[in-house]
Amino acid sequence: MTNTYITNATWALNGQKLDLRMGQSGDEPTTIFLDDIPLEGVTGVTDAGEMKIPEGARVIDATGKLLLPALFDLHAKIEIAGCSKRESIYRTGQAAIQGGVWGMLVMPTPGFCFDNASTLDSFDEAATQRSAAAMIPAGCITEGMQGSQQTPYNTLAARGVSILSDAEHVTDNLLMLHRAMKYAAELDLTFAIRGDVPALTRNTYMHPGTTSYSLGLHGTPACAEEIGIETLIRLAEDAGAKLHIQTVSTAEGVAIIRRAKQRGVKGLTAEVALHHLLYTHENVGDYNTTFKTLPPLREQSDCDALLEGVKDGTIDCIVTDHTPCIPFAKKQDFVSAPQGMVALDTFLPAIYTYLIKPGKLSWAEVVRACCINPAEIATPYDHEEDTPMVAPLLLFAPDTEMTVTEATMNCGTLNTPLLGSTLNGSITLPLC
Amino acid sequence: MNPRKDLITIDALSDEDIHTILESTSAMKDIFTKSVKKVPALKGKSVLTLFYEPSTRTRSSFEVAANRLSADVTTFTVSTSSVVKGESVHDTIDTLMSMKMDYIIVRHKNSGIPAVIARHCKAAVINAGDGAHAHPSQAFLDAFTIKEKYGEVGGKRVVIIGDILHSRVARSTSTILRRLGAEVAYMGPGPLVPQEKHTGIPRFTNWEQVFNWKPDVIYLLRVQNERMDTPFFPRGDYHQAFGVTEERLRRIDDLNLSIMHPGPVNRGVEICDAAMDYRNCLINNQVENGIAARMSILYHLTPQTQNND
């Protein structure tokens with residue numbers, strides 16, 4: 001492998017100009033820290049223009065482009081109805097790379113039910129062969145995500161699982177969950193769960209408000225999520241287990257997590273899905289099933305509080321909550337249609353267009369919430385090489401535009417409200 | 001009036017639509033007094049009633065309305081169809097469209113289904129009730145009944161009492177009455193009446209508040225036990241707390257208020273026996289007006305199933 005030279009790049013976090021040499025031949029690669037972010041396998045970070053480039057070398061002119069670590073998504077589903085598993089893996093990997101995502105935590109789904117060793121083994125093999133992005137499976141908390149019997153945590157941990165989740169399924173069997181947490185705490189596993197009280201949210205379809213009233217749809221009370229978050233924190237704290245709260249959607253949910261972190265709860269992290277920062281329940285309009293999500297889209301004041309949570313570190317990560325739904329499924333009536341959006345294909349351009357460019361988040365905040373924190377929580381590890389996986393660098397060209405069309409969606413489904421929108425930015429990944 | 005294919009909600013209609021349909025309801029009702037109660041307006045057109053939920057009143061009302069306009073009516077019986085075998089709504093509609101129906105009258109337990117069907121086919125789709133969303137033909141017959149009784153709807157005060165949360169009637173009837181200048185309030189057990197900030201409609205929780213508001217019409221709703229998986233209020237309280245008891249009926253009589261109800265009525269729950277025979281009880285007028293209103297609705301919709309001829 002030859003070296004790749006990147007000239008005249010701009011470090012996204014502070015605007016510093018950089019020249020880089022990446023690759024494996026020549027000088028021993030070292031690790032360089034920029035804004036406390038380790039850049040591994042890189043040499044020759046200098047002021048722009050000082051690097052000597054041998055003739056015939058591969059050079060990327062990064063003038064006008066931003067350099068930053070690629071993103072890690074802590075919450076993606078990859079199963080596409082009607083697609084083979086290999087196809088689902090391939091398409092999702094392509095989508096991720098297009099969106100600037102180098103790796104993801106894959107939530108269990110019925111077709112990828114990570115509750116046993118053989119499923120994990122065959123998945124790892126397929127993902128290594130077929131996916132352009134790293135795919136780290138989250139092991140199931142319970143067999144078949146049914147909420148009753150714990151999965152063999154020792155076996156899963158031995159296969160490299162570090163996070164347990166039953167995806168969107170939330171159990172009301174707190175005794176089982178408490179015991180699971182006590183057991184898994186010994187293995188240093190993290191529980192990734194959404195706040196919910198299932199009895200309060202059964203047969204509900206969207207946030208309660210003017211829109212749910214006029215559409216005649218039962219509302220999902222915010223208090224169900226908040227009671228659920230509080231309950232999970234208390235259970236995990238008592239059990240000594242690490243807890244990651246998934247897809248926080250309410251302002252009070254953020255406040256509960258903030259208070260818990262302030263009083264020093266250890267091993268507590270939280271995420272927000274990008275769509276909960278960008279849209280409200282009013283986007284549902286006249287039964288637009290694209291905006292049917294779990295938890296539901298809420299009010300502007302919730303979006304604002306979630307964004308504030310990202311800024312002050314209460315919310316550790318912004319995730320895609322990528323959920324492929326085939327067009328037929330989303331064409332059904334709102335009650336019958338499945339929840340979820342796809343977001344991997346457009347992840348970094350959407351974050352740039354709607355959060356960074358308007359000044360709502362800085363590059364430093366985005367890199368922390370989308371690159372550093374999620375990888376720290378998921379601790380992706382290369383078991384063949386026996387080393388931790390490291391985020392590659394990407395180049396982002398903020399001045400380019402891309403219109404999202406059927407042709408630009410690699411993930412295999414179209415359930416995104418961004419279809420037809422023009423986003424700023426294009427991504428070069430991988431660089432070498 | 002611009003040609004309109006479907007009737008899904010009152011919100012989707014223009015003021016002109018509403019006034020035109022109400023005006024011709026009156027003309028349709030005149031036909032009932034004639035010896036031949038039939039006109040050839042929809043001769044040769046085919047009307048399908050597609051009810052995924054049980055219904056006696058609305059379905060037969062639509063069928064009588066279509067018959068009086070000389071349309072051919074086909075009844076799709078869901079319990080004996082492939083729907084029970086798991087067929088999706090889209091596929092059912094594809095099948096039915098192959099039969100070249102001009103009008104589809106649909107009721108479904110899920111809010112939003114008629115809109116999905118309307119987008120999917122060329123027939124004129126009439127929403128005969130979807131979940132807790134809308135029941136626009138009921139709204140027209142209610143508005144017409146009030147207009148017939150008082151000469152106009154504007155300026156009247158109507159309190160809708162009962163299970164507002166699950167009621168498509170409350171949503172559609174309140175919408176049309178407010179569009180026509182009436183004032184509407186809701187009253188019922190706390191968990192069954194949505195918050196005013198979500199509805200924009202005053203919210204009462206007892207009869208004293210209702211009487212103080214000085215309504216003209218008491219509009220009662222049935223408690224929809226079949227939609228309640230977990231109890232919403234204490235069993236046995238309803239009639240005393242929220243129903244028209246004989247004592248309240250005397251007060252209603254003294255104040256000369258009207259009573260309406262979309263049916264079916266649960267005697268002894270939301271209404272006492274005596275109230276059914278009360279001089280200002282308009283429930284039977286509503287049933288009769290329902291046929292006229294539905295004739296008017298059918299007459300005013302324009303299917304896109306064939307070239308205009």
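A note on names: the letters A, B, ... follow the listed sequences, proteins ahead of strands, and every chain is numbered from 1.
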Can you tell which part of [X] gets under 4.5 Å to a heavy atom of chain A, answering side chain, backbone, both or neither?
X       : value
H166(B) : side chain
I10(B)  : neither
K109(B) : neither
D11(B)  : neither

Euclidean distance, [Y] [atom2] relative to [X] [atom1], rounded to 0.5 Å:
X       : Y       : atom1 : atom2 : answer
H90(B)  : F328(A) : NE2   : CZ    : 6.0 Å
H133(B) : D333(A) : NE2   : CG    : 12.0 Å
Q332(A) : N110(B) : CD    : CG    : 9.5 Å

Based on non-hydrogen pairs under 4.5 Å, which of T9(B), T175(B), D130(B), I113(B) is most in contact with chain A?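 Highest number of pairs under 4.5 Å: I113(B).
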Would one find more than 12 heavy atoms of other residues, nucleotides or ligands at under 6.0 Å from atom NZ of K360(A)?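 12 or below, so no.
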So for atom CZ, which belongs to R234(A), do other residues, nucleotides or ligands contribute more than 12 heavy atoms lying within a distance under 6.0 Å?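 No, the 6.0 Å shell around CZ holds no more than 12 heavy atoms from other groups.
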Find out whether S111(B) and L217(A) are in side-chain contact, i.e. whether some heavy atom of one side chain is under 4.5 Å from a heavy atom of the other.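 Contact flag for S111(B)/L217(A) side chains = yes.
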Would you say that R171(B) contacts Y213(A) through its side chain, given a criterion of any heavy-atom pair below 4.5 Å between the two side chains?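 R171(B) reaches Y213(A) side chain to side chain.
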Which residue out of S212(A), G219(A), P208(A) racks up the most heavy-atom pairs below 4.5 Å with chain B?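 Most heavy-atom pairs within the cutoff with chain B belong to P208(A).
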S214(A) versus chain B, the contacting section by heavy-atom distance below 4.5 Å: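 Just the backbone, heavy atoms under 4.5 Å.
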